[in-house]
Amino acid sequence: LWVARRVELGHPLGVAGPLPEQAEPVAVAGGAQRPRMLVLEIGTEEMPPAEARAAREQVRRELTGQLAATRLGHGEVRVYATPRRLIAVVGGVAAREDDHTHTVKGPRTTAPAQAREGFARAQGVPVESLETVDGQMVVRRHVPGGAAPGVLAGVLAKVVAGLRSARNMRWNDPRLTFTRPVRWLVALWGDDVVPVAVGALRSGRETRILRTAVTPVLRIASAETFMETISVHGIVADPDDRRELIVSGAQELVYDEGNVDVAAESELIDQITYLVEQPTPLLGRFSERHLDLPDAVLTTVMRKHQRYLPVRGDGGALLPMFVTVANGPVDADLVRAGNEAVLRARYEDAAFFYRADRATPLAAMRERLRRLTFTDKLGSMADRAARIDGLTAVLASAAGVSEADDSTADRAGELVKFDLGAQLVTEMTSLAGVMARDYAIHAGESPAVAQALYEAELPRHAGDDLPGSVPGALLSMADRLDLITGLAATVGLPTGSSDPFAVRRAVLGLIAVHRAHPDLSALDLVDALAWAGARQPVDVGPAVLADVREFLTRRLEQVLTEEGHPVDRVRAVLPHAGRPSVADRLLAQLGRLAAEPDFRKLAEAIQRARRIVPDGTPAGYDPARLTEPVEQALHSTVTAVRDTLDGTTDLGRFTAVAAPLTGPVERFFAEVFVMADDAEVRAARLGLLAAVRDLGESLLDWQQLRL
């Protein structure tokens, strides 16, 4: 599999052997050197997986941009990453830059002789050598292209010096600021070392392989043999290759007994891919008695604490097995035994906490929340749970939920967050909600209440499950509303990419839950923010609420735009940012109606009225001042439409009811001079148009539509 993958990617696969210290440049006709491969390797201490992935993309982007700024011909830029190195490979890098002619523009030909002489003198050429182009004096200079080593030295130095991460640190060399120390640098163009210097770091041809190797430092002969050489010595540079080795190796180990759910464990496999340079999957086992623990406990210990891949049977049930991935050749029996011992100890601890929690009344666990501080200004977790409980009741009333859902939400609100006082959740906070459901059912609570307690924590991250029940959705929204308003008033809303308190994630979760429950469309999140703010122990003033509303609106706009909806339609439905599920429905209706002639004409009529009516003009007017037949006809139509609409938020119904407006509006503009000399007539006509303007004001921001 490895060999096939490398052939597919075009990697050399020659057999390792003595490598020449230096090879002569290959000359072609005319004495010019042929293009050569370029390799840049930045060696570091072990990088975290996320930082390694980000650094790989940064090197690809920066190197591509820096090479584009030169005149060196080159082929594709490929970048690979492992925990200890970033490798850039560029094929067909030319020996020299192309020559070019640099043109310097001077004064016009009509300029005085002194100006022409001054220009020539400044350029160091005689006046007679000046050329004329489009009536302007110019000097043309032939600029020879630079040799590849010199040009590449500057390019690669900028790439290395510019390497940054989300968590930059300064090490011994102030020129190198990265998440981990940069230990070595390989820069080869063909057989030649590219002289790259960044601070105290100098490039060479020596790389480092696995720490367990007999000779951990390796000398590279040329760029063309670099990938082959490190692969022969155990380094799998391509993350795609490493991932395939992990997946295929794990599946082969468990083939006779079960399987690894690659789709479900994709995120974990991606992490492991960037934790090893030479994947060596190993199969381990644990006692079947630990299967009495909930699946979530077993898999959380495996995934989050040990980076083990769970093994499942054909029906999806966990088997007492796991796959761990070592880095390089190891004593398989010794490493397996060590990993099994670590997992056994963790499972014993989890079993002890689980038994202790089940023996503790739910009320006692909730009482422990008084000892947990949420923030110094927002009180304890018990205070926060009480605010969520009270807010849930208000949301249920505003949404008009059924009596059964209201009862379930009321009981779940009394218990919300209780599992944060459980010993097992204290040890593994990602189990919040999961253990609440388990402990609630064990304590005799109804399945509906237990499910609502679980769903109160959803969604935990982007792409996570959303609450399926109405009580769970109410609790989830109350949780996020409390967090958003409290933190906005105390630490402020996030700016840029920094979001240490995950306020942005909470807002996105709030939007997602509301969108997933059209049955709660009567609940306006803008109103809910004010209700949540009123319950905070700190002042949440109008300015803070206005900022939060704007933040919510911008996040909804971003989400809808990223889903592919046209920007003008997204902005047209933003008046409903407080009711995202309503915005969804209107967007769907816009998609169907945008091509309908009746809707387009109606939108044009409303937009035309909006354009001519000054801002702030009220919709009131004296019908007695409307004496022209066309304006009287428009007045009658507006009155009939307004009486029929009755505040609908259904765009299809609005279009059907308001479509008769288009003809009278068109005739009104054709036959009536709106800005009449008589002030009272002018006011009446503007008021009439303002009434047309306001008919769909609560439905869409019509001005945003581009039909």
Side-chain angles (χ1 to χ4, degrees), residues 553-554 556-557 560-561 564-579 582-621 623 626 628-676 681-707:
T553 302
R554 297 284 76 81
L556 177 61
E557 179 181 9
L560 296 176
T561 303
H565 297 288
V567 175
D568 65 315
R569 298 180 191 174
V570 170
R571 291 176 178 169
V573 302
L574 286 183
H576 300 280
R579 297 194 291 170
V582 174
D584 280 341
R585 186 176 72 242
L586 290 173
L587 272 176
Q589 292 177 335
L590 271 175
R592 296 192 299 269
L593 294 170
E596 295 291 331
D598 286 350
F599 177 78
R600 296 177 69 89
K601 289 179 181 179
L602 177 60
E604 290 168 1
I606 294 175
Q607 289 175 336
R608 192 172 182 184
R610 293 181 65 91
R611 286 194 297 270
I612 199 170
V613 176
D615 291 340
T617 301
Y621 58 93
L626 304 176
E628 297 294 332
V630 290
E631 55 189 2
Q632 291 176 343
L634 180 57
H635 162 65
S636 299
T637 307
V638 167
T639 302
V641 169
R642 189 161 46 192
D643 292 343
T644 308
L645 280 177
D646 197 21
T648 183
T649 58
D650 186 285
L651 195 56
R653 182 169 184 272
F654 174 81
T655 303
V657 172
L661 276 172
T662 56
V665 168
E666 185 177 346
R667 289 190 294 273
F668 178 87
F669 280 114
E671 301 181 24
V672 171
F673 179 59
V674 178
M675 308 305 287
V681 173
R682 181 171 65 249
R685 290 173 177 174
L686 287 173
L688 176 60
L689 290 177
V692 174
R693 173 201 65 192
D694 292 350
L695 280 175
E697 186 176 33
S698 63
L699 195 61
L700 293 175
D701 184 350
W702 296 88
Q703 189 174 351
Q704 299 294 339
L705 286 178
R706 301 290 181 265
L707 298 173

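If you're wondering where the values come from, they're calculated on a predicted model, not measured in any experiment.
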For a quick test of reading the model, state the closest non-hydrogen atom pair linking [X] to [Y] and the distance between them.
{"X": "Ala583", "Y": "Leu556", "result": "CB-CD2, 4.5 Å"}
{"X": "Ala690", "Y": "Pro618", "result": "CB-O, 3.4 Å"}
{"X": "Tyr621", "Y": "Ala691", "result": "CE2-CB, 4.2 Å"}
{"X": "Thr655", "Y": "Leu651", "result": "OG1-O, 2.8 Å"}

Is it the case that over 12 heavy atoms from other parts of the model lie below 6.0 angstrom from the CD atom of Gln704?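 For Gln704, atom CD is crowded (more than 12 foreign heavy atoms under 6.0 Å).
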For atom CD of Gln703, is the number of surrounding heavy atoms from other residues, nucleotides or ligands below 6.0 Å larger than 12? no
Decide yes or no for [X] and [Y]: does some side-chain heavy atom of the first lie under 4.5 Å from some side-chain heavy atom of the second?
{"X": "Asp701", "Y": "Leu574", "value": "no"}
{"X": "Arg642", "Y": "Val692", "value": "no"}
{"X": "Phe668", "Y": "Leu688", "value": "yes"}

Begin from the C-alpha positions of Gln607 and Leu705 and carry the test side chain to side chain contact (heavy atoms under 4.5 Å, CB included) through to its verdict. CA-CA 9 Å; Gln607 289 175 336; Leu705 286 178; 3.6 Å; yes
How many angstroms lie between atom [atom1] of [X] and atom [atom2] of [Y], to the nearest 0.5 angstrom?
{"X": "Leu689", "Y": "Arg611", "atom1": "CG", "atom2": "CZ", "value": "12.0 Å"}
{"X": "Thr662", "Y": "Arg667", "atom1": "OG1", "atom2": "CZ", "value": "8.5 Å"}
{"X": "Phe669", "Y": "Arg608", "atom1": "CZ", "atom2": "CZ", "value": "5.0 Å"}
{"X": "Arg693", "Y": "Leu686", "atom1": "CZ", "atom2": "CG", "value": "10.0 Å"}
{"X": "Phe673", "Y": "Glu628", "atom1": "CZ", "atom2": "CD", "value": "13.0 Å"}

With Val641 via side-chain contact (heavy atoms from CB on, under 4.5 Å) - residues at least two apart: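 Thr637, Leu645, Val657, Ala658, Leu661, Leu695.
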For residues 682-691, which residue pairs qualify under salt bridge (Lys or Arg N to Asp or Glu O under 4.0 Å), counting only residues two or more places apart or in two chains?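 Qualifying pairs, neighbours excluded: Glu631-Arg685.
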Could you give all pairs that pass the salt bridge (Lys or Arg N to Asp or Glu O under 4.0 Å) test and reach residues 585-600, with sequence neighbours left out?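 For residues 585-600: none.
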When you look at Leu700 and Leu590, which way does the side chain to side chain contact (heavy atoms under 4.5 Å, CB included) test go after all the steps? CA-CA 10 Å; Leu700 293 175; Leu590 271 175; 4.2 Å; yes
So among Thr561, Leu587, Leu586, which one has a side-chain contact (heavy atoms from CB on, under 4.5 Å) with Arg569?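 Among Thr561, Leu587, Leu586, the one meeting side-chain contact (heavy atoms from CB on, under 4.5 Å) with Arg569 is Leu587.
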Decide, yes or no, whether a salt bridge links Lys601 with Glu604 under the criterion of side-chain N to carboxylate O below 4.0 Å. no
